[in-house]
Chemist: 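Right, I'll just put the structure down here and ask away after.
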Amino acid sequence: MNDPQLSTLKENCSHGTKSFPFAAYKTRPSSTGTLVRPHWHDEAEIICFFGGDYRLEINMEPFFIRSKCLYFINSGELHSIITEKSGSPEEAAIVFSPQMLSFYSYDAAQTQLIHPLCSSKLRFPRCLAPEHPAFSDIYQSFTDMIQMYIPPDTDMKNPGIQPSMDNLAIQLSVKSSLLRILAVLSAHSLFIPSEKNNNKQVEEIKTAINYIRENYREKIYVRDLASLLNLNEQYFSRFFKKAIGRSPMEYVNEYRIRQSMQLLKETDHSVTEICLECGFNNLGNFLREFRKYSGTTPLQYKKS
């Protein structure tokens, strides 16, 4: 949830650590437009909007946020956030794997709730508003975790906070809060048995994005992406832009630039080497695209 111009797809990010897969994020929008790019991940996510003027899209279905509320994102659901008014209230999210709550003993909580959640046989509800009797307890547990991870005086220009994962007190507090949320949802019978996902369009978008991620170093043409889904190029381009907000090649170039930024931060490769490694065959084109998406040059970015 950092720079809205270059938001990284969540499935490329580690949320917490392998032994403690939990992370918290908080954002105060400074302008309108895309706040979080379309993405999905294997973890569950709970988002709290502290006020209105957002559009949340889940599996290509829009939800208009006009007041405080909690939204739940299940594993594998494609989602994005658009800010519709400048100066909108903060929003915060926690991302976690239900596996971290598993018990070694197969009691009722493990067999009837935790295991079905981990295997996607149970799903979270979509939304809770303040007037719902479950909202107050869940909101309190949510804000407790946010405050542990993101202190009130945090610089909101760098909203993702990852405190020490070996802090036993924090880990126990987080697990306690998550289990409290599950207990409240269960007490109000809000978990939903899963049905087979027949959302063909969402799966098609995932197929196209996965192809781009795996082949961005090579030449990619719109016809390659369209053929994956047995669609003609014009229809695929319209369909992709409607779902993602950018044309297929705009998305390809943006993804390549994101990868180049990682290489600039993590390696000593030259700009020309990174240009070629990221699928750009022309240095001038790479420099233009880099400035377009980052507002600076590769060398200036590396120095900063």
Side-chain angles (χ1 to χ4, degrees), residues 10-11 13-25 39-49 56 58-59 61 63 68-79 92-149 165-200 202-203 206:
K10 291 283 184 71
E11 71 269 18
C13 297
S14 296
H15 300 289
T17 65
K18 187 174 181 180
S19 61
F20 196 72
F22 173 93
Y25 304 91
H39 68 283
W40 75 93
H41 38 66
D42 292 328
E43 298 87 355
E45 181 172 356
I46 305 175
I47 305 173
C48 180
F49 296 94
L56 171 66
I58 306 174
N59 287 344
E61 180 181 358
F63 298 90
K68 181 191 291 187
C69 58
L70 290 163
Y71 270 82
F72 297 81
I73 310 295
N74 293 288
S75 172
E77 291 187 323
L78 187 69
H79 55 288
I94 58 170
V95 184
F96 67 97
S97 171
Q99 293 278 2
M100 66 186 286
L101 302 175
S102 290
F103 300 104
Y104 281 111
S105 59
Y106 270 72
D107 57 11
Q110 178 68 21
T111 57
Q112 296 177 32
L113 182 57
I114 306 294
H115 180 69
L117 276 176
C118 293
S119 58
S120 296
K121 292 179 180 177
L122 274 184
R123 301 178 77 77
F124 288 94
R126 178 58 72 220
C127 176
L128 283 181
E131 56 268 23
H132 194 286
F135 182 90
S136 176
D137 285 341
I138 294 176
Y139 180 78
Q140 183 62 58
S141 295
F142 180 93
T143 53
D144 286 347
M145 289 184 283
I146 291 295
Q147 288 169 5
M148 275 188 285
Y149 269 65
M165 287 297 151
D166 59 1
N167 187 317
L168 180 59
I170 287 181
Q171 291 193 9
L172 289 172
S173 295
V174 165
K175 285 192 174 187
S176 174
S177 294
L178 288 173
L179 288 170
R180 175 63 178 161
I181 288 174
L182 298 191
V184 174
L185 291 172
S186 179
H188 289 271
S189 302
L190 291 173
F191 285 107
I192 304 166
S194 293
E195 297 179 359
K196 185 176 180 181
N197 182 7
N198 292 319
N199 196 330
K200 184 171 181 261
V202 172
E203 294 307 315
K206 288 184 179 181

Chemist: Return the orientation label for the Tyr106 and His115 ring planes: parallel under 30°, perpendicular over 60°, tilted otherwise.
Modeler: tilted
Chemist: Would Lys68 count as a cation-pi partner of Tyr139, with NZ or CZ less than 6.0 Å from the six-membered ring centre and within 45° of the ring normal?
Modeler: yes
Chemist: Would Glu77 and Arg123 pass as an ion pair if we require N to O under 4.0 Å?
Modeler: yes
Chemist: Only pairs at least two apart or in different chains count here, so list each salt bridge (charged side-chain N to carboxylate O under 4.0 Å, His left out) that has a residue in residues 135-148.
Modeler: Asp137-Arg180
Chemist: Please give me the minimum heavy-atom distance between Phe72 and Pro125, naming the atom from each residue.
Modeler: CB-O, 2.9 Å
Chemist: Between His41 and Glu43, is there a donor-acceptor pair closer than 3.5 Å when you use the side chain of the first and the backbone of the second?
Modeler: yes
Chemist: Quick one: sort the Phe22 and Phe20 rings into parallel, tilted or perpendicular, breaks at 30° and 60°.
Modeler: tilted
Chemist: Can you tell if the side chain of Thr143 reaches within under 4.5 Å of the side chain of Gln140, non-hydrogen atoms only?
Modeler: yes
Chemist: With rounding to the nearest 0.5 Å, note down the distance linking CD in Gln112 to OG in Ser186.
Modeler: 8.5 Å
Chemist: Could you give the distance from CG (Leu122) to CG (Leu182), rounded to the nearest 0.5 Å?
Modeler: 10.5 Å
Chemist: Quick check: do His79 and Tyr71 have side-chain heavy atoms less than 4.5 Å from each other?
Modeler: no
Chemist: Within the structure provided, determine whether Ile94 and Val174 are in side-chain contact (heavy-atom separation under 4.5 Å).
Modeler: no
Chemist: Working to the nearest 0.5 Å, report the span between SG of Cys127 and CD1 of Ile47.
Modeler: 10.5 Å
Chemist: Where is the tightest heavy-atom contact between Ile181 and Phe142, given as atom of each residue plus distance?
Modeler: CD1-N, 4.3 Å
Chemist: Can you tell me how far CG of Leu178 sits from CD1 of Ile46, rounded to the nearest 0.5 angstrom?
Modeler: 7.0 Å
Chemist: I need the minimum non-hydrogen distance between Ala24 and Tyr149, along with the two atoms involved.
Modeler: CB-CB, 3.6 Å
Chemist: If you measure from CG on Asn74 to CD1 on Ile58, what distance do you get to the nearest 0.5 Å?
Modeler: 8.5 Å
Chemist: Among Ile73, Ile192, Leu70, Leu117, whose side chain to side chain contact (heavy atoms under 4.5 Å, CB included) with Phe124 holds?
Modeler: Leu117
Chemist: Would you check if the side chain of Lys206 reaches a backbone N or O of Leu78 as a donor-acceptor pair within less than 3.5 Å?
Modeler: no
Chemist: Can you tell me if Ser141 uses its side chain to pair, donor with acceptor, with the backbone of Ile138 under 3.5 Å?
Modeler: no
Chemist: To the nearest 0.5 Å, what is the distance between CD on Gln99 and OG on Ser119?
Modeler: 9.0 Å
Chemist: So, do Glu203 and Asn59 sit near enough that their side-chain heavy atoms are less than 4.5 Å apart?
Modeler: no
Chemist: Evaluate side chain to side chain contact (heavy atoms under 4.5 Å, CB included) for Ile114 paired with Cys118, printing each intermediate quantity in order.
Modeler: CA-CA 6 Å; Ile114 306 294; Cys118 293; 4.1 Å; yes
Chemist: Testing the basics here: between Phe96 and Pro98, what is the closest heavy-atom pair and its distance to 0.1 Å?
Modeler: O-CD, 3.7 Å
Chemist: Provide the closest heavy-atom pair for Pro21 versus Met100 in the form atom of the first, atom of the second, distance.
Modeler: O-SD, 3.6 Å
Chemist: Compare every heavy atom of Ala93 with every heavy atom of Ile146, then report the nearest pair and how far apart it is.
Modeler: CD1-O, 3.9 Å
